[in-house]
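Notes for the one structure printed next.
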Amino acid sequence: FCGKLCHRNNSLSSNVSQLYYNGFISFCVYTTYFTLPMMIKEWLQELNQFKLGINPYKRPTDEVIKLTQEDISIYKEKNMLATYTDGYPLEDFKEEYINFVNSLLPVWHSNSGYLQMVWALSIGLLLEIDEEIFNQLVDLVKKDDPEDYLIDYLIQSRHPDWKIHINYNFPRPYGFTRKIIEEENAEQALKLLKEYVIKKWYPGHRDTGWYDLHKRNIDNYYGYWSFESGALCKLKGLDYRELEGVQYFLYDLVAEGAEV
């Protein structure tokens, strides 16, 4: 599978197809170069046809357009994850992140897109994304507010007047983040963050479709990353160096932001 479960791949090659078929690189690298971009391109071509009124299916065109947009968003999410996991330059990751955010705009709903919003807000903060893009996410939350403590905290870091609700949509594992957020002692907050990443985060996603995906369907595995952990580390000003090598933690993404 893609390098390791928790570390980015640091080597890429221009002759990716040959390397993949000879067993020298992961499926994840291959799909980032070829499969995912091709699938996204095909979905976008179909979407344009539907918008022109060319609909070969029995379902109403508006419904088909919506479903196609949802599929495009799913694949852009996968491409973003694969880009990070396989060690692409962070500028490439940023480009795929912006593509992912744009794909969310017509389809996001709080009842089914909680994780995507947590990821999008967290990555935006880590990448120091501009206000225009970040506020597009905020506008989505305004329209369909999940009233969630973690999402509210992430938004409030850019919008100080944003109201924070006390509840969590998914207390397991995200409820633990409140301890980290409200801990005023930096050393203790770092211990709590490390506990969250190591002991809480991955087991807390047992009910997701991607849990243990690397064991069941290697072709669809693109890496496991606790994006909110990186955002919390950054926002709390914690010593990210203590988390180097910790599984699921985006060390280089946090470190690069700290060095700017």
Side-chain angles (χ1 to χ4, degrees), residues 1-13 16-17 19-20 25-47 65-109 112-124 126-127 129 133 136-137 140 201-202 205-231 247-250 252-253:
F1 45 90
C2 304
K4 298 180 181 179
L5 292 184
C6 59
H7 298 294
R8 299 220 299 158
N9 187 348
N10 293 318
S11 61
L12 293 169
S13 169
V16 177
S17 184
L19 289 172
Y20 168 65
I25 64 168
S26 67
F27 182 85
C28 192
V29 175
Y30 181 69
T31 53
T32 311
Y33 268 96
F34 293 111
T35 310
L36 285 173
M38 287 176 61
M39 295 179 75
I40 291 170
K41 183 178 179 180
E42 289 175 3
W43 282 117
L44 288 171
Q45 289 173 343
E46 283 206 6
L47 180 62
I65 287 175
K66 192 73 170 180
L67 291 170
T68 304
Q69 289 173 325
E70 289 173 352
D71 286 332
I72 290 170
S73 186
I74 289 170
Y75 283 106
K76 286 194 174 183
E77 174 190 312
K78 291 180 178 180
N79 204 41
M80 177 187 70
L81 292 174
T83 300
Y84 182 77
T85 297
D86 272 306
Y88 281 71
L90 291 182
E91 278 303 312
D92 291 351
F93 175 62
K94 182 177 180 179
E95 181 179 346
E96 294 306 327
Y97 164 76
I98 294 172
N99 289 335
F100 170 59
V101 170
N102 289 333
S103 76
L104 287 178
L105 300 181
V107 301
W108 186 81
H109 295 287
S112 59
Y114 177 83
L115 190 59
Q116 285 70 29
M117 183 56 68
V118 169
W119 287 358
L121 291 170
S122 298
I123 297 169
L126 287 166
L127 291 173
I129 209 70
I133 295 173
Q136 288 178 323
L137 297 171
L140 289 179
W201 183 78
Y202 189 69
H205 290 90
R206 290 181 186 275
D207 58 348
T208 63
W210 50 261
Y211 182 81
D212 273 358
L213 188 61
H214 64 287
K215 297 178 181 179
R216 297 180 283 109
N217 188 346
I218 204 65
D219 288 358
N220 287 314
Y221 166 69
Y222 299 100
Y224 305 130
W225 301 104
S226 177
F227 293 107
E228 74 282 0
S229 295
Q247 198 171 31
Y248 316 125
F249 185 75
L250 310 94
D252 59 339
L253 191 53

Item to check | Listed partners of E95 passing side-chain contact (heavy atoms from CB on, under 4.5 Å), at least two apart | outcome: N99
Checklist entry - Tell me, do Y84 and E96 make a side-chain contact under 4.5 Å, heavy atoms counted? => result no
Checklist outcome for this item: In this structure, CG of D71 is separated from NZ of K76 (nearest 0.5 Å) by 12.5 Å
Checklist entry - Can you name the residues that form a ring-ring contact (aromatic ring centres under 6.0 Å, His included) with Y202, not counting sequence neighbours? => result Y211, Y224, Y248
Checklist entry - Can you tell me how far CG of L250 sits from CZ of F93, rounded to the nearest 0.5 angstrom? => result 7.0 Å
Checklist entry - Is it true that a side-chain atom of N102 and a backbone atom of I98 form a donor plus acceptor pair closer than 3.5 Å? => result yes
Checklist entry - In chain order, what residues pass the ring-ring contact (aromatic ring centres under 6.0 Å, His included) check against W108, with sequence neighbours excluded? => result none
Item to check | Pairwise distance CD(E46) to CG(L67) - rounded to 0.5 angstrom | outcome: 11.5 Å
Item to check | Flag, side chain of T85 to backbone of Y222, donor-acceptor distance under 3.5 Å | outcome: yes
Next on the checklist: Taking side-chain contact (heavy atoms from CB on, under 4.5 Å) as the definition, give me every residue that meets it alongside Q69, ordered by chain and number, with sequence neighbours left out.
Outcome noted: L47, K51, I65, K66, P106, V107
Checklist outcome for this item: Shortest non-hydrogen pair, L104 vs L137, comes out as CD1-CD2, 4.4 Å
Checklist entry - What is the distance from atom CG of D92 to atom CG of N79, rounded to the nearest 0.5 Å? => result 10.5 Å
Next on the checklist: If I compare all heavy atoms of Y97 with all of I133, which pair ends up nearest, and what's the gap?
Outcome noted: CE2-CG2, 4.5 Å
Checklist entry - Is there a side-chain contact between F100 and L81, using heavy atoms and a 4.5 Å cut-off? => result no
Item to check | From E91 atom CD to T83 atom OG1, the distance as rounded to the nearest 0.5 Å | outcome: 13.0 Å
Item to check | Taking every non-hydrogen atom, the tightest pair across F249 and W225 | outcome: O-CZ3, 3.8 Å
Item to check | Set of side-chain hydrogen bond (donor to acceptor under 3.5 Å, both in side chains) partners for S103, sequence neighbours left out | outcome: S73
What pairs of donor and acceptor atoms, side-chain ones from residues 114-121 against any protein atom, are under 3.5 angstrom apart with sequence neighbours left out?
from: Y114; atom 1: OH; to: D148; atom 2: OD1; distance (Å): 3.2
from: Y114; atom 1: OH; to: D148; atom 2: OD2; distance (Å): 2.9
from: Q116; atom 1: NE2; to: E77; atom 2: OE1; distance (Å): 3.1

Checklist entry - Can you find a heavy atom in the side chain of K94 that is under 4.5 Å from one in the side chain of I129? => result yes
Checklist entry - Do L253 and L127 have side-chain heavy atoms sitting under 4.5 Å apart? => result yes
